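This report refers to the structure that appears directly beneath it.
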Amino acid sequence: MAFRKQLSGVSASAVALALAGGFPTIASAQTTQPETPDTVSEGQPVADEDEDSQVIIVSGFRESLATSVAEKRRSDLILESVTAEDIGKLPDDSIGESIARLPGVTSQRLNGRANVIAIRGLGPDFSQTLLNGREQTSTGDNRAVEFDQYPSEVVNQVVVYKSPSASLVGQGLVGTIDVRTIRPLEAPETILAIGAKGSYADLGALNAGSEEFGYRVNGTYVDQFADDTVGLALSAAYTDEPYQLQEFNAWGYAGDGTPGNPFVIGGNKSFVTSTQLQRFGVNGTLQYQASPNVMLTLDGFYSNFDDDQSKRGIELPLGFGAFGTTFDPSTATVVDGPFGGFAEAGTFENVEGVVRNDVFQRKADLYSGGFNVDYEGDDGWSAFLDFGYSRTDREELSIESYSGTGYNAGVGATDTIGFISNTQGTSFSPTLDYSDPTLIVLTDPLGWGGSRVQAGYYNNRIIDDELFQYRLGVAKEVDSFISKVNFGLSYTDRAKSLTPDEFFVSPAGGATEVAIPSGALLRSTDLGYLGLGPIVSYDVRELIADGTLILDPNTSNDIPAKAYGITEKLMTAYLQFDVQQDIGGGEITGNFGVQAINTEQNSTGLAFVDLDGDGSQDRVDLSLGDNFWDILPSANLSLRLDSGWVFRLAASRQIQRPQLDDLRVAIGYGINNNVADSPTGLAPFISGGGGNPLLRPYRANAIDFNVEKYFAGGAGVIAAQVFYKDLVSYIDGSRVVFDYAPFPIPAGQTPATTIGFLDSEVNTGGGDFYGAELSATIPFDVFTEALTGFGVTGGAGYTKTKVENANGDIDQIPGYSEWVANGTVYYDLNGFSARGSVRYRSEFLADFTGFGGSPTRRLARAETIVDAQIGYEFQPGSALEGLSVYVQGQNLTNAPFVSQFNVPEPRAVIDYQEYGRRFLAGFTYKF
């Protein structure tokens, strides 16, 4: 049969790479399907058994594609994968970019980096990420892993499962991403490889003290000892790279589009942002073949992540008429739009601007590792024990610093500012010189602090995230249609907490304003791209350190009320039956089974309530949670024909756990006397808002059908996929009836009932989620030998959703894009490689960073990203054998990241972020 492969058509380097990272991971008994006599080692490029088949030698990018095609073909799950071209060398500069090129997958950029992944058009909150088959903590607020926390140089393979099996623990609703590292005893030889690359951001060094050039270095060592019974793999990578951003941001848009009151920009808060990313990552694996039947594996990963941003710009109150600004629509240029008149040009008067010199710094330490014992008996029995640990310690510090022409609105010099609004935002023509240190002073220009002189704000968010995971499994091969029976247990214990630490920033000595010390002044930051010119620049951290500005603790009850602690304890049991049956002209393979999960979730936090009637707010410690079961049946069946056709059918019940911060118990509540709002018709009653520790997961019933045709010796594939998910439970923000019986009752008026309402995230009715994908990997030598080395890979996906929120209205799912597509055209032969890639996603609800680092969501426009790379690997016999060099260009068309106001007026831009182009040049050398 075609599925019984031979290795004669596989290069030695392809086999070595496949063995180094493509074989099942330490948790393979749970995350990948077992081999059968008619399958080959996972990850190996394969060739069809034709009488006319010839030896095909591939390397580099073509080898990576062939390995990924083989992974897709042999698996009984529906999946996509990407494999390193060589040790320490993924096909792209980052893990996120490599994953985003897979069919039906895309990414969202953060500071120009592809750091979170959307599968089948849905955002990162609907998928799960594993490292070597184990669940992971994250550097973000929620479950979604940000992929820039993992250096690409320590990753050997990434597999994206689109359908689950009963033995796949930690699965997501739309997909599960498994990041895999090297297994040293599966490598055929000693490996020592080093690499380095330099990077250049073509926007230049936008802020004083920032850089336009950066670098990365990495090294990998793999060896075997004691007659190949002990294996060691070590990988390390260090990154020191700048990222630059020119941003326009609008407060919103004033007016209603009627004559005399056109839509007009309400305010401006735009920055240039310079980020310096420093990251050190190290991964190690030690394996010991204790006996022919027992393998011990110990591995660990550590990442130190420091993302330091300088954000400088001007905040301008405009069309809302706040702080004395005036605007005369009769003097403006107003054009008609789909929702009324829009002022695309005009003049604002009496504008008092706030010059901002802000800092945002994220520091994170991520620890991950585990120990695995794997037993493969000679009698068909197998078993494994696995322990996994993951921890993230993170601090997110944001410091806002304000300066202007004088203290409080109406005191300092005002500006007359012309403006022009178009599809790229708004540009301005000021009359004041915001780079003049004799004009701009440290103060509270608009009186935001009220009676307090608030010249800034200091907000440090301290987040700890820790996860323990214990697993065991037993399997027995059976000589029948059911080829193997698998049983396993898993216990996961996760705890995540947030501790806020916040201060007001004020001038020292009780002053209302203070001059910027001349020694603290940096070169001006140019806002010429907005027409605003240069502005005064300084590092607010230095002004706090030298005492020019002081920190005054924010003692408001709102601060400790933000704190929360969340724990999850998951007990999972599964029973899975693998199937294999030869039929005429092919075979049937697959699995069916059930996974049962018991969830015990709990949240702790604080509320402040007047308990004794003296008007003061008393601190109340809160704790609330829930316990429930999910039963998840699944089935994956594949009909594999000798002709290279594979037909797949998968059906399953799927879940995705709520965002962790939505589970927080910290809420605020009080007495409400408005009987019209009472859910019981009784008053007084209790009303409040906050998190919901009683949330249940997203739940869906799913079915997938795939048709795949493999050709070109197993190196090519064309695949069509259709899928449907019946979302039976969704999560959405709403006002719901809530019983406050577990909470202390506020003093004063006694509520008629403990039944009130809560504004929070709640489980709602579901909806539909369906779509189709078409993908292909086609080496062009199938058409003619003259095109050997040329090829194309990529795909397009269409997804449609119709989900009802708690009010019965159609909801916009975060991260959802109706269309995603990507494609790569490549040439790879005799050491020379070149490729160009493009990826597209239609508009989607995107995450932007709001006040204090908290996420906010806005509708992002469609985007198309274009990248390219050329390289050369010196061939055997050359004096430089083992050396490969390459040049990469990212975002070559300088595609912006744009969000839109909530009316379809293309000039009503909220965010317009321009990252510029990035160019990288580097080498790898394998001894």
Side-chain angles (χ1 to χ4, degrees), residues 2-3 33 46 48 65-66 68-82 99-106 118-122 159-165 174-176 585-590 634-652 654 700-726 768-780 782-783 791-801 816-825 837-842:
F3 197 60
Q33 302 308 302
V46 294
D48 284 331
L65 289 179
S68 298
V69 170
E71 177 87 12
K72 180 184 182 75
R73 184 175 188 176
R74 71 164 297 279
S75 176
D76 283 325
L77 304 187
I78 297 171
L79 60 77
E80 311 291 344
S81 70
V82 59
I99 300 174
R101 303 206 192 288
L102 296 174
V105 183
T106 189
I119 300 174
R120 286 179 165 171
L122 264 66
V159 177
V160 178
Y161 296 102
K162 295 180 179 177
S163 70
S165 66
V174 295
T176 306
E587 66 176 351
I588 295 175
T589 67
S634 63
N636 295 271
L637 293 176
S638 300
L639 173 61
R640 306 173 181 276
L641 301 181
D642 293 347
S643 57
W645 288 92
V646 178
F647 299 86
R648 303 181 189 271
L649 181 65
S652 60
Q654 301 172 350
N701 300 316
I703 188 167
D704 293 74
F705 179 68
N706 275 31
V707 179
E708 302 160 8
K709 170 60 177 174
Y710 294 87
F711 54 91
V717 62
I718 296 177
Q721 309 177 19
V722 292
F723 56 89
Y724 173 79
K725 295 183 190 292
D726 173 26
D768 296 318
F769 169 55
Y770 56 89
E773 297 170 3
L774 181 65
S775 62
T777 296
I778 304 174
F780 288 168
V782 299
F783 306 114
V792 63
T793 184
Y798 170 80
T799 305
K800 191 69 176 177
T801 68
Y816 164 66
S817 286
E818 188 172 45
W819 287 95
V820 298
N822 59 73
T824 298
V825 177
S837 302
V838 60
R839 68 177 187 267
Y840 166 83
R841 71 180 302 181
S842 58

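Values below: all heavy atoms of this structure, side chains included; hydrogens, waters and symmetry mates excluded. All values derive from a computational prediction rather than experimental measurement.
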Using modelled atom types only, decide if a donor and an acceptor are shared between the side chain of [X] and the backbone of [Y] within a distance under 3.5 Å.
| X | Y | answer |
| --- | --- | --- |
| S652 | P164 | no |
| S75 | L77 | yes |
| T106 | A100 | no |

For the residue pair [X] and [Y], what are the closest heavy atoms and their distance?
| X | Y | answer |
| --- | --- | --- |
| G644 | R73 | CA-NH2, 3.9 Å |
| Y161 | L79 | CE2-CD2, 3.8 Å |
| V105 | V820 | N-CG2, 4.4 Å |
| T777 | F711 | O-CZ, 3.9 Å |
| A715 | V69 | O-CG2, 3.8 Å |
| S638 | D76 | OG-OD1, 3.9 Å |

If you measure from OG1 on T589 to CZ on R74, what distance do you get to the nearest 0.5 Å?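 The OG1 atom of T589 sits 9.5 Å away from the CZ atom of R74.
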Between CD of E818 and OG of S842, what distance do you get to the nearest 0.5 Å?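 That separation rounds to 6.0 Å.
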Would you call the rings of F780 and F783 parallel, tilted or perpendicular if under 30° counts as parallel and over 60° as perpendicular?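 The arrangement is tilted - the two ring planes meet at 30° to 60°.
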Mind checking whether [X] and [Y] have side chains closer than 4.5 Å, heavy atoms only?
| X | Y | answer |
| --- | --- | --- |
| K709 | V717 | no |
| I99 | V160 | yes |
| Y840 | N822 | no |
| I718 | I778 | yes |
| F647 | L637 | no |
| F723 | I703 | no |

Determine, stepwise, if the pair V174 / K725 fulfils side chain to side chain contact (heavy atoms under 4.5 Å, CB included). CA-CA 9 Å; V174 295; K725 295 183 190 292; 4.3 Å; yes
Return all side-chain donor-acceptor pairs below 3.5 angstrom for residues 768-776, not counting sequence neighbours, or 'none' if the list is empty.
from: D768; atom 1: OD1; to: Y724; atom 2: OH; distance (Å): 2.6
from: E773; atom 1: OE1; to: K162; atom 2: NZ; distance (Å): 2.7
from: E773; atom 1: OE2; to: R120; atom 2: NE; distance (Å): 3.2

Show your reasoning for whether side chain to side chain contact (heavy atoms under 4.5 Å, CB included) applies to E71 and V159. CA-CA 9 Å; E71 177 87 12; V159 177; 3.8 Å; yes
Short side-chain donor-acceptor distance under 3.5 Å, S837 and T824: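 S837 and T824 do have a side-chain donor-acceptor pair below 3.5 Å.
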Who are the salt bridge (Lys or Arg N to Asp or Glu O under 4.0 Å) partners of R648, not counting sequence neighbours? E708
Among all residues two or more places apart in sequence or in another chain, which pass the side-chain contact (heavy atoms from CB on, under 4.5 Å) test with A650? I78, S163, N636, D704
